[in-house]
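Notes follow the structure.
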Amino acid sequence: MLQLNYIRENKDKVVNLLTIKNFDASNIVNEIIELDDLRKATQKELDDTLAASNKLAKEIGSLYKSGQRDKADEAKTESSKLKLAAKELEQKFTEVVTSLNNKLIELPNVPHPSVPKGNSDADNELIYEEGSIPELPENAIPHWELASKYNIIDFELGNKVTGAGFPFYIGKGARLQRALINFFLDEALDQDYIEYQPPLLINADSGYGTGQLPDKEGQMYYVGIDNLYLIPTAEVPITNIYRNVILKESDFPIKNVAYSNCFRREAGSYGKDVRGLNRLHQFDKVEIVQIQHPDKSYETLEAMKDQIASLLRKLELPFRIVRLCGGDLSFTSALTYDFEVYSAAQHMWLEVSSVSNFENFQANRMKLRFKDKEGKSILAHTLNGSALALPRIVAALLENNQTDEGIVIPEALRSYTKFDLIN
RNA sequence: GGAGAGUUGGCAGAGUGGUCGAAUGCGGUGGUCUUGAAAACCAUUGAUCCUUCGCGGGAUCCAAGGGUUCGAAUCCCUUAUUCUCCGCCA
């Protein structure tokens, strides 16, 4: 959520930048400012009424003490009137604040000026590419066939026990998962991240804090009986640690890493893009989250980008980095880099990581602040990225490394897998 | 799941209807002293919003929400949560 004062002071800038996200904010921004004016006026009136009422209540106290009952009773009648007026004003105030908030929530984060215009992933800007696309033999097969050939991932079994998108990992498949998770975590620990194991279910306040609620409600699994949501990413619990927190400037940077299962309903997905590991309802991911001083968040974003690139390099996967265009950028993000690895048997790029700077958009919702040198409360910046999501990494590893002898495990992983070939 | 007791400022902890945004201690910050540090002493130390050019003034917040009252941290209701005991259990 954008800050009210920021909107008031940068009205035209907000409207202009949001056109990059294909969002016409001209009306809503005016409505917001009008509602805020009304809010201020109503609050003034309410505060004055309450002040008068408080003053009277104090007088009644001393009137009783000095035994002036008649005067006290008179004042009581007066006070009752004020109370009624205050109640009406309060109701009006609540209504105004509620509609103001509802409007504010509709407004997406303002994109960074470097974000290109565009409507879809076709308009994303390629900024980096590394590694050569492997030439596979004629008989190369996609990962879902490799998975059953070597009996390492069983999608059918998942269908039976749960449903589509919930595979079983078996034998070396399961061990590969565990190896990747540990590899990713260790790499983050080398970069001075603190490791967390978060809850996998979160309450509505947390969903709201990072922006999954209210607009992406349908993408989360919901446990109605306890009013909890399954996390779509560890970003949600890890960032919400800092909900309603006031940090010290010396706390920066906060660097957290967490492995978790992620649960996504992916309502509306279908077709070849969801084959095999390409899109799952439950998957594994190691997530990095940083809380940073506003002056340093873009520097941090670049560092996180480099960190993720180094993971893919160590896994010897060909990858590219794109800067998301306005149309592809999420509601809450100001700037996002997507990482894609080349899946040689599917002949396509698979998105394996997203690293984003949310600036103070999440922090404003969460009231995540820090005290600057003058003691003023300022919103912090939040960033996160996948480092990395497993399924598509596994898909690319299986496909790109297939040989007649079996699937070759990259060097960097062998101390974790304790095997160098799946056969 | 059942019974009981709690939830107060960064922390500990007082406060059971009016002068309480809240004693006291610790911690934090600034200062005195000191070559420096410690100790001691002094001062200061919550958040949000409205208003004012500024000084300042006002409102709200004692887990959350609602109620009683002229007036609520204090009384009542609901919810969340913590602890103790019982039950169940990896």
Side-chain angles (χ1 to χ4, degrees), chain A residues 1-9 32-105 197 199-209 213 222-229 237 240-252 254 261 291 360 363-380:
Chain A
M1 164 160 86
L2 296 173
Q3 289 183 100
L4 249 173
N5 283 337
Y6 181 82
I7 297 171
R8 293 189 80 108
E9 284 159 26
I32 283 170
I33 291 173
E34 274 169 35
L35 275 169
D36 192 40
D37 288 339
L38 182 58
R39 185 201 114 248
K40 284 182 182 179
T42 312
Q43 179 171 351
K44 178 92 179 72
E45 213 179 330
L46 174 61
D47 282 0
D48 290 347
T49 309
L50 287 173
S53 171
N54 285 343
K55 197 176 161 215
L56 209 54
K58 275 184 187 162
E59 282 168 17
I60 291 169
S62 46
L63 283 174
Y64 269 123
K65 251 178 207 162
S66 57
Q68 297 171 272
R69 286 202 148 263
D70 292 350
K71 275 193 174 172
D73 287 340
E74 213 173 286
K76 268 193 187 183
T77 321
E78 178 72 13
S79 182
S80 297
K81 280 186 205 157
L82 282 172
K83 199 196 167 187
L84 267 173
K87 201 155 194 176
E88 267 175 45
L89 281 167
E90 204 178 326
Q91 210 162 24
K92 184 179 167 195
F93 181 72
T94 310
E95 276 168 28
V96 173
V97 167
T98 305
S99 35
L100 178 60
N101 271 333
N102 288 343
K103 288 285 174 207
L104 275 172
I105 283 173
Q197 276 196 23
L200 302 181
L201 289 105
I202 46 122
N203 58 30
D205 283 348
S206 294
Y208 178 82
L213 294 177
Y222 174 59
V223 185
I225 192 167
D226 289 308
N227 195 22
L228 296 171
Y229 298 83
N240 272 284
I241 293 171
Y242 305 96
R243 176 150 46 84
N244 290 320
V245 166
I246 300 180
L247 297 164
K248 294 194 286 280
E249 211 165 338
S250 58
D251 291 332
F252 293 130
I254 289 175
N261 296 299
I291 317 285
N360 64 23
N364 192 30
R365 283 200 181 188
M366 285 193 290
K367 300 294 165 242
L368 159 52
R369 292 161 295 180
F370 68 95
K371 291 264 192 209
D372 73 358
K373 289 177 188 83
E374 280 99 56
K376 270 179 68 183
S377 295
I378 300 188
L379 293 171

- Letter by letter from the 5' end, nucleotides 57-65 of chain B scores (B base, S sugar-phosphate only, - none; protein heavy atoms under 4.0 Å) -BSS-----
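Judged by Watson-Crick or G-U wobble contacts below 3.5 Å, the nucleotide rC11(B) has rG25(B) as its partner. Pairing for rG87(B) is absent, with no Watson-Crick or G-U wobble pair whose two atom distances lie under 3.5 Å. Summarising the base pairing, rG36(B) is matched to no nucleotide, lacking a Watson-Crick or G-U wobble pair whose two defining distances lie under 3.5 Å. Checking rG18(B) for Watson-Crick or G-U wobble geometry (two distances, each under 3.5 Å) identifies rC70(B) as its partner. Nucleotide rC61(B): paired with rG46(B) (Watson-Crick or G-U wobble, both distances less than 3.5 Å). Within the shown strands, rU82(B) is the pairing partner of rA5(B) under the Watson-Crick or G-U definition, both distances less than 3.5 Å.
In terms of phosphate contacts, Arg369(A) brings no side-chain nitrogen or oxygen within less than 4.0 Å of OP1 or OP2 of rA47(B). Between Arg39(A) and rC49(B), a side-chain N or O to OP1/OP2 separation shorter than 4.0 Å is absent. Phosphate proximity of rU48(B) to Ser377(A): present, with a side-chain N or O under 4.0 Å from OP1 or OP2.
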- Query: Going through the distances and angles, do Asn101(A) and Thr98(A) end up as a side-chain hydrogen bond (donor to acceptor under 3.5 Å, both in side chains)?
  - Reply: CA-CA 5 Å; Asn101(A) 271 333; Thr98(A) 305; over 6 Å; no
- Item | Asn227(A) vs Tyr222(A), side-chain hydrogen bond (donor to acceptor under 3.5 Å, both in side chains): CA-CA, chis, key distance, verdict | CA-CA 7 Å; Asn227(A) 195 22; Tyr222(A) 174 59; 2.7 Å; yes
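Comparing rA12(B) with rC53(B), their C1' atoms sit 44 Å apart, to the nearest whole Å. Distance noted for atom P between rA43(B) and rA63(B): 31 Å (whole Å). With both ends at atom C1', the span from rC75(B) to rG2(B) equals 28 Å, rounded to whole Å. For the P atoms, the distance linking rC49(B) with rG54(B) amounts to 16 Å, nearest Å. Nucleotides rG67(B) and rU82(B) have their P atoms positioned 28 Å apart, rounded to a whole Å. rU79(B) sits 13 Å from rA3(B) when the P atoms are compared, rounded to a whole Å. When the P atom is compared between rG65(B) and rG17(B), the two are found 25 Å apart, to the nearest whole Å. Nucleotides rU45(B) and rU8(B) place their P atoms 23 Å apart, quoted to the nearest Å.
Rounded to whole Å, the distance from CG on Leu247(A) to P on rG10(B) is 14 Å. In this entry the distance linking CG of Asp205(A) with P of rU81(B) reads 12 Å, nearest Å. Taking atom CD1 of residue Ile225(A) and atom C1' of nucleotide rU79(B), one finds them 17 Å apart after rounding to whole Å. Glu90(A) places its CD atom 15 Å from the C1' atom of rC50(B), with the value rounded to the nearest Å. When rounded to the nearest whole Å, the span between CZ of Arg243(A) and P of rA80(B) equals 17 Å. Per the geometry, NZ belonging to Lys87(A) stands 12 Å off P belonging to rC70(B), to the nearest Å. The separation between Leu368(A) atom CG and rU48(B) atom P is 13 Å, rounded to whole Å. One can place NZ of Lys376(A) at 11 Å from P of rU48(B), the figure rounded to the nearest angstrom.
Atom-to-atom distance recorded for Lys40(A):NZ and Lys44(A):NZ is 13.0 Å, nearest 0.5 angstrom. Atom OH of residue Tyr6(A) and atom CG of residue Asn360(A) lie 8.5 Å apart, to the nearest 0.5 angstrom. Remark: Glu249(A) CD to Asp372(A) CG distance equals 6.0 Å, nearest 0.5 Å. Taking OG of Ser206(A) as the start and CZ of Arg243(A) as the end, the distance is 4.0 Å to the nearest 0.5 Å.
Using bins of under 30°, 30° to 60° and over 60° for the plane-to-plane angle, the ring pair Phe370(A)/Phe252(A) lands in the perpendicular bin.
Sequence order on RNA chain B of the closest nucleotides to Lys371(A) and Ala41(A) puts Lys371(A) first from the 5' end. Residues Lys58(A) and Ser53(A) each lie close to RNA chain B; by heavy-atom proximity, the contact nearer the 5' end of the strand is made by Lys58(A).
With sequence neighbours left out, the salt bridge (Lys or Arg N to Asp or Glu O under 4.0 Å) criterion links Asp36(A) to Arg8(A), Arg39(A).
For the side-chain contact (heavy atoms from CB on, under 4.5 Å) criterion with Leu63(A), the lone passing option out of Lys58(A), Glu74(A), Lys71(A) is Lys71(A).
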